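Model, not experiment: these values are computed from the prediction. Any value given below was found using the heavy atoms of this structure, including those in side chains, with hydrogens, waters and symmetry copies removed. Within every chain, numbering begins at 1; the chains are lettered A, B, ... in the order of the sequence lines, protein sequences first and strands thereafter.
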Amino acid sequence: EAQVTQNPRYLITVTGKKLTVTCSQNMNHEYMSWYRQDPGLGLRQIYYSMNVEVTDKGDVPEGYKVSRKEKRNFPLILESPSPNQTSLYFCASSLKPGGLLKAFFGQGTRLTVV
Amino acid sequence: AQSVTQLDSQVPVFEEAPVELRCNYSSSVSVYLFWYVQYPNQGLQLLLKYLSGSTLVESINGFEAEFNKSQTSFHLRKPSVHISDTAEYFCAVTPDNQGGKLIFGQGTELSVKP
């Protein structure tokens, strides 16, 4: 089954404690991206990757890092989480950039930073 | 820069009534347009998209959207809603000259009541 898998689904952590949210897709997609969803703001892109070892900032990259060492995985790293990073996070992938083909979304990771 | 505005944050409606969810966008370049749906506790799913050709696009579950270039709108409509249509709906655009970025509106929460 074609899917994008995020882990964990729920996470509560403390300020400053490094964490990683994993994202994996099994469709051999080139393009992957991370979004955060906040009430009244919709989804905003954090980082994206056009292919292995090719990543770039989205609209709200501050406080986040990503890596793309292999095609299927695109982890989101919070080196020193802060309460303003409390949000719902989605990973997405598509065969090609541009959204022309269907983008697949993970089920989301609800992060709370206290 | 591009932006997407969904004019209603919440739309309550009775079952079997018609509904319209409004979406306007702003862009200096051509864009492709999408509607995504997010059911409770799930990720986003593509509902329909406009890439080119006929300005009226339809989904398999009875929704349709019409691209109006002069009014820069892409409103979503359904003539008769069901309880199962209760979800949050996101309008999104992708500029045709950028590498895959989806720009989302703020979301509209559709609540269908019996």
With the 4.5 Å side-chain cut-off for hydrophobic clustering, are [X] and [Y] part of the same group?
{"X": "B:Phe67", "Y": "B:Leu7", "value": "no"}
{"X": "A:Phe105", "Y": "A:Leu88", "value": "yes"}
{"X": "A:Val60", "Y": "B:Phe104", "value": "no"}
{"X": "A:Phe74", "Y": "A:Ile46", "value": "yes"}
{"X": "B:Phe34", "Y": "A:Leu43", "value": "yes"}

Please flag which part of [X] lies under 4.5 Å from any non-hydrogen atom of chain B: side chain, backbone, both or neither.
{"X": "A:Arg110", "result": "neither"}
{"X": "A:Gln6", "result": "neither"}
{"X": "A:Leu41", "result": "backbone"}

Looking at chain B, which one of A:Arg44, A:Arg9, A:Gln37 has the largest number of heavy-atom pairs inside 4.5 Å, strictly under?
A:Gln37

Does the side chain of A:Tyr35 come within less than 4.5 Å of B:Leu44's, by heavy atoms?
no

Which atoms of B:Glu88 approach chain A - backbone, side chain, both or neither, heavy atom under 4.5 Å
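Just the side chain, heavy atoms under 4.5 Å.
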
Against chain A, work out which of B:Ala92, B:Gly107, B:Gly105 has the most heavy-atom pairs shorter than 4.5 Å and name it.
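Maximum pair count with chain A is reached by B:Gly105.
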
Counting neighbours of CG on B:Asn41 that are heavy atoms of other residues, nucleotides or ligands and sit closer than 6.0 Å, is the number greater than 12?
no

Enter the distance from [X]:[atom1] to [Y]:[atom2] here, rounded to the nearest 0.5 Å.
{"X": "B:Leu46", "Y": "A:Ser94", "atom1": "CG", "atom2": "OG", "value": "11.0 Å"}
{"X": "A:Phe90", "Y": "B:Tyr36", "atom1": "CZ", "atom2": "OH", "value": "12.5 Å"}
{"X": "A:Asp59", "Y": "B:Ile103", "atom1": "CG", "atom2": "CD1", "value": "7.0 Å"}
{"X": "A:Gln107", "Y": "B:Gln38", "atom1": "CD", "atom2": "CD", "value": "11.0 Å"}

